[in-house]
Amino acid sequence: MTQVLDIVAVVGSLRRESFTRRLVQAAAAIAPESLRIEIVGIGDLPLYNQDAEASPPPPWLTFRDRIRPAAGVLFATPEYNRSMPGALKNAIDVGSRPYGKSVWARKPAAIISDSPGALGAFGANHHLRQCLVFLDMPTMQQPEAYIGGVDKLLGPAGELANAATRQFIEQFLRSFEAWVRRHAA
Ligand code: FNR
């Protein structure tokens, strides 16, 4: 029997009606059965401050404990001012410390970036990718996912209403599963 992979999804938007979160939820619904994708919250993480490592805020510990056992990480991000939102960068920083105990290290990853605009948050995608290089996360290179016009792709029930996008996301997730299995610790 194929082992089911535990994938955590880190979503870069805190917005209630976030397209990015809805996109991940739609993707999780059509993922292969062998891939279980669960969104982990980042909205309650206090801003990273090294001074607090002496007595870390409980949300930091809960977040690290959830990432640590995961088989892989799916990052999904909108773009703020041609980069990733601060909330996502904060979550990355929280997971990366204390020094030598990063929960990200060697965990296979993939990135989906999205925007209502045409460029699909390319800038955010690649700023994020730069962090993942330093964090030693093998990050899937192909297919790339820059989802433009995201506000027009989701149906009333949150489904991926656009057939081409749906096919693309299915293929993306199949590739990500293979990537995670190849890089399994
Ligand atoms: C944006 N937005 C935006 N879009 C884009 O394509 N490139 C950008 O650089 C920016 N910059 C930006 C900065 C800030 C502070 C905000 C609030 C928004 C628009 C953004 O794509 C849009 O608000 C999305 O809906 C955000 O994603 P969620 O929250 O729907 O997932």
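One-based numbering, in listed order, for ligands and for the atoms of each. Sequential numbering from 1 along the given sequence is applied to the chain's residues.
- Between the CD atom of Q130 and the CG atom of L135 there is a distance of 11.0 Å, given to the nearest 0.5 Å.
- For ligand 1, the atoms lying closer than 4.0 Å to a non-hydrogen atom of P78 are 26 (C), 27 (O).
- Protein heavy atom closest to atom 11 (N) of ligand 1, with residue, atom name and distance, is N81 N, 2.9 Å.
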- [ ] Check step by step if side chain to side chain contact (heavy atoms under 4.5 Å, CB included) holds for W60 and R97.
- [x] CA-CA 10 Å; W60 288 5; R97 293 282 156 151; over 6 Å; no

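- Judged by the shortest distance from any of its heavy atoms, L119 lies outside the 4.0 Å radius around the atoms of ligand 1.
- Taking the side chain as every heavy atom from C-beta outward, S34 and R181 approach each other to under 4.5 Å.
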- [ ] Apply salt bridge (Lys or Arg N to Asp or Glu O under 4.0 Å) to the pair D151 and R22, showing each step before the final yes or no.
- [x] CA-CA 10 Å; D151 53 323; R22 288 166 61 196; over 6 Å; no

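- Protein heavy atom closest to atom 25 (O) of ligand 1, with residue, atom name and distance, is F19 CD1, 3.5 Å.
- Here is the list of ligand 1 atoms found below 4.0 Å of a heavy atom in R82: 7 (N), 8 (C), 9 (O).
- Atoms OG1 and CG, on T77 and N125 in that order, are 8.5 Å from each other to the nearest 0.5 Å.
- R64 pairs with exactly one of T62, I67, L61 by the side-chain contact (heavy atoms from CB on, under 4.5 Å) rule, that one being L61.
- Listed by number with element, the atoms of ligand 1 under 4.0 Å from a non-hydrogen atom of S115 are 4 (N), 5 (C), 6 (O), 21 (O).
- Less than 4.0 angstrom separates some heavy atom of T20 from each of these atoms of ligand 1: 27 (O), 28 (P), 31 (O).
- Here the CG-CG distance, from L88 to L45, works out to 10.5 Å after rounding to the nearest 0.5 Å.
- Atoms CD1 and CD, on I7 and E38 in that order, are 11.5 Å from each other to the nearest 0.5 Å.
- Taken together through direct or relayed side-chain contacts under 4.5 Å among Ile, Leu, Val, Met, Phe, Trp and Tyr, V10 and Y80 form parts of separate hydrophobic clusters.
- Atoms of ligand 1 found under 4.0 Å from any heavy atom of S18 (numbered from 1 in listed order, with element): 28 (P), 29 (O), 30 (O), 31 (O).
- When hydrogens are left out, the protein atom nearest atom 3 (C) of ligand 1 is E79 O, 3.1 Å; that is the closest non-hydrogen contact.
- When hydrogens are left out, the protein atom nearest atom 30 (O) of ligand 1 is R15 NH2, 2.7 Å; that is the closest non-hydrogen contact.
- Assignment of P116 to the shell around ligand 1 is supported, since a heavy atom sits closer than 4.0 Å.
- Under a 4.0 angstrom heavy-atom cut-off, S13 registers as being in contact with ligand 1.
- Distance check on atom 23 (O) of ligand 1: every protein heavy atom falls at or beyond the 4.0 Å cut-off.
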